[in-house]
Protein chains: 2
Amino acid sequence: MSNAPFAAVLHLLRAHSLLEERFAGELASIHGLALKDALLLMHLARAPLTRLSRVDLAKRLNASPSTITRTCLPLEKLGLVGREDDQRDARLSYVVLTDAGRARVAEAEATLRQKSADLFSDRWSEAEIATLADLLGRLTAGQPGRLS
Amino acid sequence: MSNAPFAAVLHLLRAHSLLEERFAGELASIHGLALKDALLLMHLARAPLTRLSRVDLAKRLNASPSTITRTCLPLEKLGLVGREDDQRDARLSYVVLTDAGRARVAEAEATLRQKSADLFSDRWSEAEIATLADLLGRLTAGQPGRLS
DNA sequence: CCAATATTATTCCGAATGCAAGCATATATA
DNA sequence: TATATATGCTTGCATTCGGAATAATATTGG
């Protein structure tokens with residue numbers, strides 16, 4: 001039996017811890033956003049009309065609807081997202097990115113890009129990074145919530 | 001500017017969500033262990049004398065010492081781990097794997113290996129899986145808490 | 001048209017976590 | 001030796017999260 005799948009999973013779990021440690025702090029101190037906040041805003045920024053329903057956000061973020069509700073509350077107070085009711089379905093209330101939110105997520109994303117680059121700055125060739133991105137992308141192919 | 005580092009990070013975050021979703025449920029229902037419990041036991045199983053101090057466990061699991069204390073409590077009640085005081089340093093209290101813990105972690109690890117293999121059962125060559133494991137391993141090289 | 005079911009969002013509650021504080025012990029320094 | 005500092009662990013507190021229950025609305029099937 002091959003050991004590679006198990007090793008890949010264990011290393012992925014460890015790498016995730018590393019990312020949280022390296023990214024969360026600076027993202028919060030510079031932009032006032034938790035990593036999950038930034039990901040939420042990034043999903044909005046990439047959505048048509050820069051808005052999504054809460055269940056849609058929940059699926060993309062692998063979170064429960066209650067988490068989305070609570071996560072959005074502070075973002076609303078900060079004026080980064082707003083609410084829009086659907087004309088045809090009174091149950092839906094979209095989370096929509098405001099202009100301030102658009103600006104903030106652009107800044108946060110720039111920081112994330114920079115820190116992502118830093119992560120590979122040592123002993124990584126461009127081809128290796130691309131291979132890693134490709135393989136990880138295949139792992140989540142067909143999943144909702146792809147964020148490119 | 002290359003987009004590969006950012007794509008790799010985003011895909012890694014997504015892949016981690018996928019793992020949690022696919023692994024946590026079955027691991028809990030079959031073995032009565034959360035994923036973090038299993039990882040803790042696996043670290044113990046690989047340690048000399050199958051025991052580690054709590055701060056050591058905290059570093060390896062990227063958790064706070066208080067989390068380790070509280071995580072170990074139920075495992076103690078289940079008889080999977082025990083306590084051992086250090087002869088020379090009265091501050092230390094090792095978490096040591098019991099025989100029951102050794103058996104349980106072996107079962108859980110077998111399940112994890114199987115589910116890891118399942119994760120790549122479609123459209124993945126052995127070489128690709130090995131490459132992914134290798135690249136992820138390089139990402140966490142030099143970090144504490146490597147688990148192979 | 002009406003009843004049954006499904007969907008969306010929110011709130012409540014229990015579980016898990018980190019930080020800060022506190023306690024006990026060990027090490028370093030004067 | 002005596003004091004100051006560092007280390008290991010635990011506990012209290014605040015925060016975050018998911019699941020269940022709830023409420024409002026929509027859809028489906030008779």
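Chain letters run A, B, ... following the sequence lines, proteins first and then strands; every chain starts at 1.
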Discussion item. Does this structure show an ion pair linking A:Lys115 with A:Asp118, if we count only N-O contacts that are shorter than 4.0 Å?
Written reply: no
Worksheet item: Which part of the nucleic acid, if any, lies within contact of A:Ser93, taking any heavy atom under 4.0 Å across all strands shown: a base, the sugar-phosphate backbone alone, or nothing?
Response: sugar-phosphate
Worksheet item: Between A:Asn62 and B:Glu21, do the side chains contain an N or O donor and an N or O acceptor separated by less than 3.5 Å?
Response: yes
Fill in: Single hit among B:Val96, B:Val81, B:Leu97 for side-chain contact (heavy atoms from CB on, under 4.5 Å) with B:Arg51
B:Val96
Practice prompt. Could you tell me the separation between the OH atom of B:Tyr94 and the P atom of D:dT7, rounded to a whole number of Å?
Written response: 16 Å
Item to complete: Indicate whether the side chain of A:Glu126 and that of B:Ser2 have a donor and an acceptor atom separated by less than 3.5 Å.
Response: yes
Worksheet, complete the sentence: Separation of D:dG8 atom P from B:Arg88 atom CZ, nearest Å, is 16 Å
Worksheet item: Are A:Lys36 and D:dC17 close enough that a side-chain N or O sits under 4.0 Å from OP1 or OP2?
Response: yes
Worksheet item: Hey, which of A:Asp86, A:Leu92, A:Val95 is the one that makes side-chain contact (heavy atoms from CB on, under 4.5 Å) with A:Ser53?
Response: A:Leu92
Worksheet item: Could you give the CG-to-P distance, from B:Asp86 to C:dA24, as a whole number of Å?
Response: 19 Å
Worksheet item: Phosphate oxygens OP1/OP2 of C:dT10: is one of them under 4.0 Å from a side-chain N or O of A:Thr69?
Response: yes
Item to complete: Mind calculating the distance between CG (B:Leu61) and P (C:dA16) to the nearest angstrom?
Response: 15 Å
Fill in: Distance, rounded to the nearest Å, where B:Asp89 contributes CG and D:dA6 contributes P
17 Å
Worksheet item: Less than 4.0 Å between a side-chain N and a carboxylate O, is that true for B:Arg60 and B:Asp56?
Response: yes
Worksheet item: So do the side chains of A:Trp124 and A:Leu132 get within less than 4.5 Å of each other, counting heavy atoms only?
Response: yes
Report each atom pair, protein N/O against N/O of nucleotides 12-14 of chain C, whose distance is under 3.5 angstrom.
residue : atom : partner : partner atom : Å
C:dC12  : N4   : A:Arg70 : NH1          : 3.2

Worksheet item: In whole angstroms, how far is the P atom of C:dT8 from the CG atom of A:Leu52?
Response: 13 Å
Worksheet entry | A:Arg54 side chain, from C-beta outward: closest of D:dT10, D:dA26, C:dT10 | C:dT10
Worksheet entry | Out of C:dT25, C:dT10, D:dT10, whichever nucleotide has its closest atom nearest the side chain of B:Ala90 | C:dT25
Worksheet item: Between D:dT22 and A:Arg91, is there an OP1 or OP2 to side-chain N/O distance shorter than 4.0 Å?
Response: no
Worksheet item: Quick one: which of D:dC17, C:dT25, D:dC9 gets closest to the side chain of A:Thr71?
Response: D:dC17
Item to complete: Could you pick out which residue, A:Ala63 or B:Leu73, lies toward the 5' side of DNA chain D when each is mapped onto its nearest nucleotide?
Response: B:Leu73
Worksheet item: For A:Arg51 and C:dA9, what is the distance between atoms CZ and P respectively, to the nearest whole Å?
Response: 12 Å
Response to the item:
Separation of D:dC17 atom C1' from A:Ile68 atom CD1, nearest Å, is 11 Å
